[in-house]
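Working notes for the structure below.
Everything quoted here is computed from the prediction, not taken from an experiment. Scope of the values below: all heavy atoms of this structure, side chains included, with no hydrogens, waters or symmetry mates.
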Amino acid sequence: MIRGPQQRSQCPYCGAQAGPHDTECAACGSALAPTAQTTQLTRRPFALPADPNGSALFRPEASVILQILPSGTCIPLAVQQPVILGRGESKERQNILDLSEFNALEHGVSRLHCRLQRHENHLVIMDLGSANGTYVNGEPLHSHHVHILHHGDKLILGTLHMLVSFSSG
């Protein structure tokens, strides 16, 4: 049952008309679904930059945004130093992006799965010998070989999917 703020509705059980603030049907006594109010956002939604060309140019001031799918969670990374994508924390390495909250273990993500880093004006990825592989746009990467990423690439670690976007600001 859909009701606007001042609209009358119809009881789904007997068809009688109900007022906008009624919680039960006056005719049959059945409970009516409450009208849910949309919560007002306190911030603007995060939108990924659009670049239909899929550029490989990764300027010095740029950052990368990893959008985890299907949740849509966006993780911005400056990538000033190499960043390892994996699960869990490591005392030896400070720059690990822990993907555990996205069910990384269940998706087959290794502790030290792959590494993102800058190389000249590019962002490169290297699989670190992961158990279930790293894929870019459906193609498997060879372990310990560098691959240049493009804006809009689809990255898969094991079965954990993410979208790669470059942000210039």
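When side chains are defined from C-beta on, Pro76 does not count as touching Val64, because their heavy atoms never get closer than 4.5 Å. A 4.5 Å side-chain heavy-atom check between Val164 and Leu66 finds at least one atom pair inside the cut-off. For the pair Ile156 and Thr134, the minimum side-chain heavy-atom distance is 4.5 Å or more. Proximity of Asn95 to Ile84: side-chain heavy atoms (C-beta onward) are nowhere separated by under 4.5 Å. Using a 4.5 Å heavy-atom cutoff, the side chains of Ser71 and Phe102 are in contact. The shortest distance between side-chain heavy atoms of Leu155 and Tyr135 does not fall below 4.5 Å. Between Asn121 and Pro60, some side-chain heavy-atom pair lies under the 4.5 Å cut-off. Side-chain contact between Cys28 and Cys11 is present, with heavy atoms from C-beta onward closer than 4.5 Å.
Here CG of Leu149 is found 6.5 Å from CG of Leu116. Values are rounded to the nearest 0.5 Å. In this structure, CZ in Phe166 is found 11.5 Å from CZ in Arg59, a value given to the nearest 0.5 Å. Met162 contributes atom CE, which lies 12.5 Å from atom CG of Asp153 (distance to the nearest 0.5 angstrom). Residue Cys114 holds its SG atom at 10.5 Å from CE of Met126, rounded to the nearest 0.5 Å. Here the straight-line distance linking atom NE2 of His113 with atom CG of Leu157 works out to 4.5 Å at 0.5 Å rounding. The CD atom of Glu120 lies 12.0 Å from the CG atom of Leu57; values are rounded to the nearest 0.5 Å.
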**side chain to side chain contact (heavy atoms under 4.5 Å, CB included) evaluation trace for Cys25 with Cys14** = CA-CA 9 Å; Cys25 177; Cys14 71; 3.6 Å; yes
**Item:** Evaluation steps, side chain to side chain contact (heavy atoms under 4.5 Å, CB included), between Leu105 and Arg87
**Value:** CA-CA 7 Å; Leu105 180 61; Arg87 58 182 175 78; 3.5 Å; yes
**Request:** Step by step, work out the side chain to side chain contact (heavy atoms under 4.5 Å, CB included) result for Ile96 and Leu112.
**Result:** CA-CA 8 Å; Ile96 292 182; Leu112 305 175; 3.7 Å; yes
**Asked** Can you list the steps and then say if Asn132 with Val109 is a side chain to side chain contact (heavy atoms under 4.5 Å, CB included)?
**Response** CA-CA 7 Å; Asn132 294 301; Val109 176; over 6 Å; no
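Minimum interatomic distance between His122 and Ile148 (heavy atoms only, all atoms of both residues): ND1-CG2, 3.8 Å. Residues His151 and Ser165 share a closest heavy-atom pair of ND1-CA, 3.5 Å. For the residue pair Asp22 and Gly19, the shortest heavy atom distance occurs at OD2-N, 2.6 Å. Listed here is the closest heavy atom pair of Pro82 and Arg115: CB-CD, 3.6 Å. Cys74 and Gln67 get closest at one heavy-atom pair: SG-CG, 3.9 Å. The heavy-atom pair separating Gly129 from Ser143 by the smallest distance is CA-OG, 3.6 Å.
Hydrophobic cluster membership is shared by Leu160 and Leu97, with clusters built from Ile, Leu, Val, Met, Phe, Trp and Tyr side chains linked at under 4.5 angstrom. Note on Phe58: it clusters hydrophobically with Ile75, by side-chain heavy-atom contacts below 4.5 Å among ILVMFWY residues. Under a hydrophobic clustering in which Ile, Leu, Val, Met, Phe, Trp and Tyr are joined whenever their side-chain heavy atoms come within less than 4.5 Å, directly or via other members, Leu128 and Val146 fall into the same cluster.
By the 6.0 Å contact criterion, NE2 on His144 is enclosed, its count of non-hydrogen atoms from other residues, nucleotides or ligands being greater than 12.
No side-chain donor-acceptor contact under 3.5 Å links His145 to the backbone of Asp127. Side-chain atoms of Asp98 come within 3.5 Å of backbone N or O of Ser100 as a donor-acceptor pair. Here the side chain of Arg118 pairs a donor or acceptor atom with the backbone of Val79 at under 3.5 angstrom. Listed for the Ser110 side chain is a donor-acceptor partner under 3.5 Å among the backbone atoms of Ala131. The closest donor-acceptor contact from the side chain of His119 to the backbone of Val124 lies at 3.5 Å or more, if one exists at all. His107 places a side-chain N or O within donor-acceptor distance of the main-chain N or O of Thr159, the cut-off being under 3.5 Å.
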